[in-house]
Amino acid sequence: MVIGQSLPLTGAGFPVANRVLAGDRAHVERVNVSGGILGRPLELVTLDDGGDPQRVAANARADSLAAAFHDRLIGYTSVVPNLNVTRLPIVRDLQRDADAFIGPEAAIFEGLEAYLNLRLCTEALRRVGSRADGQRLGEALENLGTLDLGGFRLVLGRDRHHGSDYVEIGMRARDGRQLR
């Protein structure tokens with residue numbers, strides 16, 4: 001099963017995109033080491049858009065992504081817990097998987113955001129079953145209802161696509177360190 005994404009792997013957006021990709025990879029490795037989705041390995045296809053909106057659109061039409069989603073793209077924006085809140089199972093899960101598969105670059109804010117995004121997506125894929133396509137994946141996401149991803153609760157439905165009401169205010173130093 002293929003999950004496709006477009007990220008600025010070159011240019012000014014690379015530092016953040018690299019951390020997002022690290023969080024994505026941590027979850028993909030966890031899924032695959034656990035037997036995949038319905039016995040099938042998960043593949044993450046990441047295309048470079050350099051932060052250029054025209055390249056993002058071109059990547060969305062690229063064969064490797066369009067074939068996976070049949071012209072139906074699903075995007076996410078989320079606000080996630082602080083990684084210092086280790087009482088949350090989702091934070092401990094990312095830290096475990098980052099240590100086991102990727103390294104410390106995944107255990108950051110953007111990595112957790114990506115990790116949550118792919119946990120949501122892989123849960124929807126599990127529910128779709130062996131006949132996964134873009135249409136069924138979209139329907140599965142809209143029918144997830146309440147989903148607890150390890151202390152981070154999502155509520156999704158046909159009229160509720162934002163999933164979470166969680167908001168945490170944080171700050172980063174110029175060197176990228178999380179201050180609060």
Side-chain angles (χ1 to χ4, degrees), residues 1-7 17 19-47 60 64-83 85-102 105-168:
M1 295 187 161
V2 177
I3 294 179
Q5 65 183 351
S6 182
L7 291 173
R19 295 187 298 257
V20 168
L21 185 57
D24 288 342
R25 288 178 43 224
H27 182 66
V28 167
E29 293 299 325
R30 169 56 55 199
V31 168
N32 288 339
V33 86
S34 300
I37 304 290
L38 302 168
R40 294 168 52 194
L42 191 59
E43 178 184 356
L44 180 65
V45 175
T46 305
L47 300 179
S64 55
L65 295 186
F69 293 102
H70 303 286
D71 297 322
R72 181 176 176 155
L73 296 177
I74 299 168
Y76 306 95
T77 300
S78 61
V79 179
V80 299
N82 184 316
L83 282 160
V85 184
T86 56
R87 73 178 185 281
L88 293 176
I90 188 68
V91 171
R92 292 193 309 270
D93 290 351
L94 171 62
Q95 290 170 339
R96 175 201 65 211
D97 293 345
D99 288 345
F101 303 117
I102 305 301
E105 66 270 20
I108 56 147
F109 175 83
E110 294 88 351
L112 180 57
E113 180 179 25
Y115 192 81
L116 281 162
N117 288 340
L118 281 182
R119 282 193 58 171
L120 170 64
C121 191
T122 54
E123 178 60 29
L125 284 168
R126 280 187 186 92
R127 293 182 186 201
V128 167
S130 62
R131 296 180 33 186
D133 63 22
Q135 179 70 31
R136 288 184 181 97
L137 179 60
E139 290 169 1
L141 286 166
E142 288 185 337
N143 291 312
L144 279 172
T146 300
L147 180 66
D148 186 332
L149 294 176
F152 188 80
R153 185 173 165 257
L154 299 174
V155 180
L156 295 156
R158 292 210 183 278
D159 296 321
R160 185 174 166 97
H161 292 171
H162 65 274
S164 171
D165 293 326
Y166 186 95
V167 176
E168 182 172 301

**OP:** For atom CZ of Arg153, decide whether the heavy atoms of other residues, nucleotides or ligands shown that lie under 6.0 angstrom number more than 12.
**Re:** no
Nearest-0.5 Å distance that lies between atom [atom1] in [X] and atom [atom2] in [Y]:
X: Thr122; Y: Ile37; atom1: OG1; atom2: CD1; result: 5.0 Å
X: Arg19; Y: Leu7; atom1: CZ; atom2: CG; result: 12.5 Å
X: Gln5; Y: Leu21; atom1: CD; atom2: CG; result: 6.0 Å
X: Leu94; Y: Leu116; atom1: CG; atom2: CG; result: 8.5 Å
X: Leu112; Y: His27; atom1: CG; atom2: NE2; result: 12.0 Å
X: Leu44; Y: Glu29; atom1: CG; atom2: CD; result: 10.0 Å

Original post:
Under 4.0 Å between a Lys/Arg side-chain N and an Asp/Glu carboxylate O for Asp93 and Arg30?
Top reply: no
Original post:
Does the distance from a Lys or Arg side-chain N to an Asp or Glu carboxylate O, for Arg127 and Glu123, drop under 4.0 Å?
Top reply: yes
Under 4.5 Å between any side-chain heavy atoms of [X] and [Y], yes or no?
X: Ile90; Y: Tyr115; value: yes
X: Leu156; Y: Leu147; value: no
X: Leu125; Y: Leu42; value: yes

For [Y], is there any backbone N or O sitting under 3.5 Å from a side-chain donor or acceptor partner on [X]?
X: Asn32; Y: Pro41; result: no
X: Arg25; Y: Ile102; result: no
X: Arg92; Y: Thr86; result: yes
X: Arg160; Y: Val155; result: yes

What is the minimum heavy-atom distance between [X] and [Y], and which atoms define it?
X: Ala106; Y: Ala26; answer: CB-CB, 4.4 Å
X: Leu88; Y: Gly151; answer: CD2-O, 3.7 Å
X: Pro89; Y: Gly150; answer: CD-O, 3.2 Å
X: Ala22; Y: Glu105; answer: CB-CG, 3.8 Å

Subject >> side chain to side chain contact (heavy atoms under 4.5 Å, CB included) between Leu154 and Leu144, intermediate numbers included >> reply: CA-CA 9 Å; Leu154 299 174; Leu144 279 172; over 6 Å; no
